[in-house]
*Asks:* 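Take a look at this one; I'll ask things after.
Here the structure is a predicted model, which means the values were calculated and not measured.
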Amino acid sequence: MNQNVYQLIKDLKTAPPEVVIRNVAFQTLQGLVYMHKHGYFHRDMKPENLLESNGMIKIADFGLAR
């Protein structure tokens, strides 16, 4: 993965376009729905734990997951 979402937002000079925000939010929520359906809870969701590569978001750091 290229970077995390925190770095992606921090490196931008202006606010991210709405399409980027929607994409990140949608993919993050879809990932959480999948995890919750299978009985896992992340417990440490933050931009640093969302990895981005070519517009694809992946949830990382399951150290506190239950």
*Asks:* What residue pairs, at least two apart or across chains, pass salt bridge (Lys or Arg N to Asp or Glu O under 4.0 Å) with a residue in residues 1-28?
*Replies:*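 Found Glu18-Arg22.
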*Asks:* Return each pair, listed once, that meets ring-ring contact (aromatic ring centres under 6.0 Å, His included) where at least one residue sits in residues 6-33; pairs must be two or more places apart or across chains.
*Replies:*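 Qualifying pairs, neighbours excluded: none.
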*Asks:* Mind checking what makes side-chain hydrogen bond (donor to acceptor under 3.5 Å, both in side chains) contact with Asp61, not counting sequence neighbours?
*Replies:*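 Asp61 satisfies side-chain hydrogen bond (donor to acceptor under 3.5 Å, both in side chains) with no other residue.
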*Asks:* Please report, to 0.1 Å, the donor-acceptor pairs under 3.5 Å made by any side chain of residues 32-41, with sequence neighbours excluded.
*Replies:*
residue	atom	partner	partner atom	Å
His38	ND1	Tyr34	O	2.8

*Asks:* May I have the step-by-step check of side chain to side chain contact (heavy atoms under 4.5 Å, CB included) for Val5 and Ile9, ending in yes or no?
*Replies:* CA-CA 6 Å; Val5 172; Ile9 295 170; 3.8 Å; yes
*Asks:* Just list the side-chain donor-acceptor pairs under 3.5 Å for residues 49-56, sequence neighbours left out, or say none.
*Replies:*
residue	atom	partner	partner atom	Å
Asn49	ND2	Asp44	O	2.7
Asn49	ND2	Asp44	OD2	3.3
Glu52	OE1	Gln3	NE2	3.3
Glu52	OE2	Asn54	N	3.3
Glu52	OE2	Gly55	N	2.9

*Asks:* Enumerate the residue pairs fulfilling ring-ring contact (aromatic ring centres under 6.0 Å, His included) with a member in residues 46-66, sequence neighbours excluded, ordered by first and then second residue.
*Replies:*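 Of all non-adjacent pairs touching residues 46-66, those that pass ring-ring contact (aromatic ring centres under 6.0 Å, His included) are His42-Phe62.
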*Asks:* Would you indicate whether the side-chain heavy atoms of Leu8 and Asn4 approach each other to under 4.5 Å?
*Replies:*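 Side chain of Asn4 against side chain of Leu8, heavy atoms only: no contact under 4.5 Å found.
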*Asks:* Apply the test side chain to side chain contact (heavy atoms under 4.5 Å, CB included) to residues Met45 and Ile59: give CA-CA distance (whole Å), side-chain angles for both, the deciding distance (0.1 Å), then the verdict.
*Replies:* CA-CA 8 Å; Met45 288 302 297; Ile59 300 172; 4.1 Å; yes
